[in-house]
Amino acid sequence: MEEDAVFKALADPTRRSLLDALFREDGQTLSALEARFDITRFAVMKHLKQLEEAGLVVTRRQGREKLHFLNPVPIRLVHDRWVSKYAEPWAAGLSGLKRRLESPMEKIFEIYIRTTPERLWEAITDPEIRAKYNFGAGITSDWKPGSRYEMAASGAGGLLGAGEILEVDPPRRLVQSMVALWSDEVKSEGTSRVTWEIEPVADSCRLTVTHDQLREGANDELYGGWPMILSGLKTWLETGELLTTPGSLLYT
């Protein structure tokens, strides 16, 4: 089971320390991570491999370098399944999910969902379905390159976000600019970019969401909600049920 791999990966203190290191500074090379630990390079590689297999770390090539990014989605899924219903207020202060990351220039989130690419694409682009897992907010657009999209919810009292559709390749890839409008603090952050990539894997899909073009030290409201959004998306597609999280209730 996916949860078993996550629990096994988190059981080792060195692997937890690696996640902490990526939490403090995301997008590190193997050499940078190795320098933080008093163990061999091979040992660090083995630990990173197990974290990758559990989905807790994702990698991205940048030139000759291989960068490692923290993927908090599996931790969020474990939290929603095993922690939130027992100790949500207590756990919220410990999770670190709401703390500011130091260098969030590029954030990558990855999740496996048992569905088809076509159904996943529909769930991303259909405004009524989107509202079921996106804090109650739907997104409307004609989904053509160069077109505008808007994010809104009946309980919000105005637009929550807007942007431009940059690339469309259904049902595989969607790139859009993003201007957050839900508070004065996020409005001042300007434009960032969100890329959705869908890859079929047997009877499932691997969905990778990359949120980049963020300024260093950007307000974490811009990207902190992705684990809840993607957890809700997975739950709805696989079970037809709504995942109740603090975010899912925000604008409903």
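Everything quoted here is computed from the prediction, not taken from an experiment.
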* Tell me, please, which residues at least two apart from Glu34 pass side chain to side chain donor-acceptor pair (under 3.5 Å). => Arg41
* **Nearest heavy-atom neighbours spanning Ile129 and Ala123** => CG2-CA, 3.6 Å
* Would you mind listing every ring pair (Phe, Tyr, Trp, His ring centres under 6.0 Å) that reaches into residues 167-200, with sequence neighbours excluded? => Trp196-Trp226
* To do: I would like to know whether Glu150 and Arg148 meet side chain to side chain contact (heavy atoms under 4.5 Å, CB included); could you show each step before the answer?
  => CA-CA 7 Å; Glu150 295 181 347; Arg148 176 180 169 86; 3.1 Å; yes
* Structure fact -> Residues at least two apart in sequence or cross-chain that pass side chain to side chain donor-acceptor pair (under 3.5 Å) with Asp203, listed by chain then number, are Arg114
* Could you tell me whether the side chain of Leu67 reaches within less than 4.5 Å of the side chain of Gln28, counting heavy atoms only? => no
* Asked: So do Phe69 and Leu22 actually touch side chain to side chain, heavy atoms under 4.5 Å?
  -> no
* Asked: Short question: side chain of Ser147, backbone of Lys144 - any donor-acceptor pair under 3.5 Å?
  -> yes
* Quick one: closest heavy-atom pair of Val168 and Trp143, and the distance? => CG2-O, 3.4 Å
* To do: If a pair satisfies side chain to side chain donor-acceptor pair (under 3.5 Å) and one of its residues is in residues 153-170, list it, with sequence neighbours excluded.
  => Glu167-Arg173
* Hey, what else clusters with Val175 if you join Ile, Leu, Val, Met, Phe, Trp, Tyr whenever side-chain heavy atoms sit under 4.5 Å? -> Leu166
* Do any N or O atoms from the side chain of Arg16 and from the backbone of Leu10 form a donor-acceptor pair under 3.5 angstrom? -> yes
* Structure fact -> Heavy-atom nearest pair, Leu222 first then Ala218, reads CD1-CB, 4.3 Å
* Looking at Ala43 and Ile39, what are the two nearest heavy atoms and their distance? -> CB-CD1, 4.0 Å
Under 3.5 Å, side-chain donor or acceptor atoms of residues 49-59 against the rest of the protein: list the pairs with distances, not counting sequence neighbours.
from: Lys49; atom 1: NZ; to: Glu53; atom 2: OE2; distance (Å): 2.4
from: Gln50; atom 1: OE1; to: Arg15; atom 2: NH1; distance (Å): 3.3

* Asn134 side-chain N/O to Gly136 backbone N/O, donor-acceptor pair under 3.5 Å -> no
* **Test item: Lys234 side-chain N/O and Tyr112 main-chain N/O as donor-acceptor pair under 3.5 Å** => yes
* Please lay out, stage by stage, how Leu233 and Leu207 fare under the test side chain to side chain contact (heavy atoms under 4.5 Å, CB included). => CA-CA 11 Å; Leu233 172 59; Leu207 173 63; 3.7 Å; yes
* Asked: Which pair of heavy atoms, one from Thr29 and one from His68, lies closest together, and at what distance?
  -> C-ND1, 4.0 Å
* Nearest non-hydrogen partners of Pro227 and Phe109, listed with the distance -> CD-CE2, 4.0 Å
* Candidates Arg60, Glu106, Lys107 - the one meeting side-chain hydrogen bond (donor to acceptor under 3.5 Å, both in side chains) with Thr210 -> Arg60
